[in-house]
Amino acid sequence: MTILCRNPPFHSRSHHLLPTVSVPSIVLFPLLQIWPLPVPSLPIGSDTQRAKDMAYNNLIRDLTIGDNVYKFFDLNGLGDARYNELPISIKYLLEAAVRHCDEFHVLKKDVETILDWKNSQRKQAEIPFKPARVILQDFTGVPAVVDLAAMRDAVQNMGADPAKINPVCPVDLVIDHSVQVDHYGNLDALAKNQSIEFERNRERFNFLKWGSKAFDNLLIVPPGSGIVHQVNLEYLARTVFVGKDGVLYPDSVVGTDSHTTMIDGSGVLGWGVGGIEAEAVMLGQPISMVIPEVIGYELVGTLSDTVTSTDLVLTITKNLRDLGVVGKFVEFYGTGVASLSIADRATIANMCPEYGATIGFFPVDKRTIDYLTQTGRDSDYTQRVEQYLKSVGMFVDFTNDSYRPTYTTTLKLDLGSVVPSVSGPKRPHDRVELATLAQDFTKGLTDKISFKAFGLKPEDATKTVTVTNNGRTAELGHGSVVIAAITSCTNTSNPSVMLAAGLVAKKAVELGLNVQPYVKTSLSPGSGVVTKYLEASGLLPYLEKIGFNIAGYGCMTCIGNSGPLDEPVTKAIEENNLVVAGVLSGNRNFEGRIHPHVRANYLASPPLAVLYSIIGNVNVDINGVLAVTPDGKEVRLADIWPTRSEVAKFEEEFVKPQFFREVYANIELGSTEWQQLECPAVKLYPWDDNSTYIKKVPFFDGMTNELPPQSDITNAHVLLNLGDSVTTDHISPAGSISKTSPAARFLASRGVGQRDFNTYGARRGNDEIMARGTFANIRLVNKLASKVGPITLHVPSGEELDIFDAAKKYMDAGIPAIILAGKEYGCGSSRDWAAKGPFLQGVKAVIAESFERIHRSNLIGMGIIPFQFQAGQNADSLGLTGKEQFSIAVPSDLKPGQLVDVNVSNGTTFQVICRFDTEVELTYYRNGGILQYMIRKLIQ
């Protein structure tokens, strides 16, 4: 029989068909997984046999909802009092373990570990988790499909059936990272940007369309549809899955974008993983994870009338960063949650990577059901969600003050204490109260260079220059806002802040105000629904009047696709070394990410993005006079800022279910250009050796059934000696390709003109370019280099070279390379190329003070060893300059967390912690990486 995840919100989607398997009387998720922990030596057997032997079939119960009879695993039937004390997020993990427990892939002891969470959370206990689905965006999706296509070739070369490489769970890929703000501020901007997007990315889009036909269970949401996480929230999420035989289970998802956590706001358990790990999940591999601590965050009270959900999430982000929640679950509870819309909750969940947790989870409640109705899900869908989750104790009433699960520890926030805020200028967790932004920026201009400061000389701090742009003249100086962008799913998914932005624009137009001539404005909604309610409310014309025309439906400025500044503005910034600002409604503002010429970037609500485009400078007292009307009237914040009650009236009247149904009814069809794309109907991709976009990766070249030999790292040189908070944007930038970079030289050698370089993100399907683009961020600070930028010291020759060129010299000489780093190495966006790139540059290990969770996983997935300095130690404290050579003996019987000796050529010896945290991760390493492991297992 066919297993069908049969609960699309609007219409049937055939891509949700799962593999055909035979089962006796129940529906189970795909059973083609191999769990590489020590397990009983069992024959492979058939899926039918294993289905009969599922350990918890006795828990299957009927559930009648309306005219339908469903089945579900009744966890209350465990008869264990510990179940009722579990956080809801842990109950989701438990349900998946019970449903998949066959004593082969998932063991009864795994179920017991989760049930005993109160004790096991302290023991670094390892569990398997099989998410229901995978979600991708195109920057990470293209390399994932390239890997799968290359794996098929490898399997065929090893004498096996290449069709074994195929997703076994639903995989949704939303193309949202390719469109750029090339045109802005006029009614033609959208059409022009989308046309350029297709012109630049036609080959990539053709490849993805091939993938949707060549692989089962892979849905492509075409370009121009919206942002992946907003489309997930409004359309792709199932909330509760339904198997064809009527087995219900909670929706869960992992994604190759770190902000996959946004879906947690609607009660779907989801988080970001590395692209390499996601590929393994697609192929049936459970996620190996250490059972997490769960931080309970109690919210009480209500937000004040002038505060937005953006202010709330920036406050929460700082509080959780201060606590330290890396690798932990955060679950929200308390009566204050009841006052937050699902869009508000999704905003908070979206920025989970910025506060460092694995998830920021809001269990399903009545308000969730109301949201599902608002977004066009039918009554059968909502009744099924509510009754099933109530039956298994996963439905919550936040108005009930007695609802208090057991948590590892708790925090409390009175929503009434939240004040208007922004975050920046270089990190998303550096919150600044809006009232103190001007003085915070002014102080940072001349303070020593740091995450808050720019190190200017006092005499340069007041520099200004006259700029004429678009026929208007103004003074440009430090703090001038040159980018004001309503961008990112973080906020464009939230009608309250989008309508507030429209109301600010309306008031501004009525007062006769306009944006400053040097500001690049843009509006990039996360879905077409936003356009519909802005049009229906009559607010879109006001946004357009002041330059916030729709520029595209995608991530755009938030991901760094902000496009070029106008030439007079660029020239003034470069010639006068101006520290100019960007104000954007995004979730990331790391240095060099938004635009290479914009050093101060502040995350803010959409209405603040509009407001600062009019003010024109962040160095203005927000409580003072903000502007002057043409007739000389002073404008203050109260004159232009809408109240929450004012916004709520617009939301109630103009955000309608019909808008969601209309937008998503034909979303899979795409534009005429998309429909006209042609691709070969073949299972093996016909690689084009001349392509500069799509190239078969070399990771599986020469692979055999035998495990590769494990070797020590001997006499390695340091490729880079880095400090704290080195992000994946530093390691593998997504933005424009500099004309002086190794990647540019490679493209030029292949006859590609500078105009067609595109971005590193768009070129992720070609390893030649991505290897050259690794560590190409112009703001990279490397202690081995004499200046900031993508250069390093090639120690043997004493030359300063582009990092790729130095790495190539080491590789050509047969010398291994390592990286030294500080705290939070690899923080930021989930980018598999931040591990693939160093691998192709010959990096064998990274020794850091700490690692970001996803990036550590990606390094392991590529066979790079993550070593961690012991507490209180780092490269500086050990007297290491990076000019030494390092030898690391890697024991053949290496254990998770083992201490390993490092011998340095200067005579220093120290020990580091091997950050393989589970036996599964060691198995991946011994195979040369997770994908190599999957190939060997699938062909056995």
Side-chain angles (χ1 to χ4, degrees), residues 420-427 430-485 513-521 562 565-584 589 591-592 594-604 608-629 632 634-637 778-779 781 787-788:
S421 307
V422 296
S423 279
K426 302 179 186 180
R427 295 191 301 187
D430 290 331
R431 187 180 72 91
V432 183
E433 290 187 11
L434 192 60
T436 64
L437 173 58
Q439 71 181 72
D440 187 81
F441 176 80
T442 301
K443 182 176 183 297
L445 279 176
T446 54
D447 280 356
K448 182 180 178 181
I449 291 179
S450 68
F451 290 116
K452 295 287 288 182
F454 302 94
L456 296 184
K457 296 176 181 179
E459 59 268 26
D460 293 332
T462 57
K463 183 183 294 184
T464 62
V465 60
T466 301
V467 172
T468 300
N469 193 43
N470 296 323
R472 297 168 59 203
T473 299
E475 291 295 309
L476 191 72
H478 299 301
S480 289
V481 176
V482 297
I483 290 178
L513 304 178
N514 202 351
V515 300
Q516 297 299 321
Y518 45 75
V519 183
K520 183 171 187 176
T521 51
S562 53
L565 299 176
D566 291 338
E567 183 57 34
V569 178
T570 299
K571 184 178 179 182
I573 295 168
E574 290 178 338
E575 292 181 351
N576 296 277
N577 191 30
L578 296 178
V579 180
V580 294
V583 178
L584 64 148
N589 57 346
E591 200 170 10
I594 304 306
H595 192 283
H597 288 103
V598 184
R599 284 190 269 173
N601 291 283
Y602 291 94
L603 306 183
L608 277 180
V610 175
L611 181 61
Y612 273 102
S613 73
I614 296 165
I615 298 172
N617 200 302
V618 297
N619 195 11
V620 172
D621 181 5
I622 198 69
N623 292 317
V625 177
L626 304 180
V628 178
T629 66
E634 294 181 344
V635 178
R636 296 177 179 270
L637 188 60
I778 64 170
R779 302 294 178 192
V781 178
K787 60 183 179 180
V788 173

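For the numbers below, each heavy atom of this structure counts, side chains included, while hydrogens, waters and symmetry mates do not. Values in this document were obtained by computation on a predicted structure and should not be read as measured data.
Of all heavy-atom pairs spanning Val579 and His478, the tightest one is N-ND1, 3.1 Å. Nearest heavy-atom pair, Val467 versus Ala572, reported as atom, atom and distance to 0.1 Å: CG2-CB, 3.7 Å. The minimum heavy-atom distance between Ile778 and Pro596, with the atom names listed, is CD1-CB, 3.5 Å. Smallest separation of non-hydrogen atoms from Arg431 and Ser423: CA-OG, 3.5 Å. The nearest pair of heavy atoms linking Asp430 to Phe451 is OD2-CB, 4.1 Å. When all heavy atoms are compared, the tightest approach of Val610 to Ser613 is O-OG, 2.6 Å.
Remark: side-chain polar atoms of Tyr518 are paired, donor with acceptor, to backbone N or O of Gly616 under 3.5 angstrom. Side-chain N or O atoms of Gln516 include one that pairs as donor or acceptor with a backbone N or O of Ile614 at under 3.5 Å. Judged by distance alone, with hydrogens and angles left aside, the side-chain atoms of Lys452 form a donor-acceptor pair with the main-chain N or O of Gly424 at under 3.5 Å. Checked by atom type and distance alone, the side chain of Lys426 pairs as donor or acceptor with a backbone atom of Ser450 at under 3.5 Å. Judged by distance alone, the side chain of Asn576 and the main-chain N or O of Thr464 form no donor-acceptor pair under 3.5 Å.
Once rounded to the nearest 0.5 Å, the distance linking NZ of Lys571 with CG of Leu476 reads 13.5 Å. The CG atom of Leu626 sits 12.0 Å away from atom CG of Asn617, with the distance rounded to the nearest 0.5 Å. Within the model, atoms OH of Tyr602 and CZ of Phe441 stand 5.5 Å from one another, a figure rounded to the nearest 0.5 Å.
Screening Asn623, Asn619, Val625 for a side chain to side chain contact (heavy atoms under 4.5 Å, CB included) involving Asp621 leaves a single residue, Asn623.
At a threshold of 4.5 Å between non-hydrogen side-chain atoms, the residues Asn577 and Arg599 count as touching. Proximity of Leu434 to Leu608: side-chain heavy atoms (C-beta onward) are separated by under 4.5 Å at one or more points. Here the side chains of Leu611 and Val583 are not in contact, with every heavy-atom distance at 4.5 Å or above. Counting heavy atoms from C-beta outward, Glu575 and Val465 have side chains that stay 4.5 Å or more apart. In this structure, the side chains of Ile483 and Leu565 come closer than 4.5 Å at one or more pairs of heavy atoms. Residues His597 and Val569 form no side-chain contact, since every pair of their non-hydrogen atoms from C-beta on lies 4.5 Å or further apart.
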Could you go through the side chain to side chain contact (heavy atoms under 4.5 Å, CB included) check for Leu584 and Asn601 one step at a time? CA-CA 8 Å; Leu584 64 148; Asn601 291 283; 4.2 Å; yes
Side chain to side chain contact (heavy atoms under 4.5 Å, CB included), that's the test. Do Ile622 and Leu437 meet it? Break it down for me. CA-CA 8 Å; Ile622 198 69; Leu437 173 58; over 6 Å; no
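Dense packing is recorded around NZ of Lys463, with more than 12 heavy atoms of other residues, nucleotides or ligands lying under 6.0 Å away.
Between the side chains of Glu475 and Thr466, at least one donor N or O lies within less than 3.5 Å of an accepting N or O.
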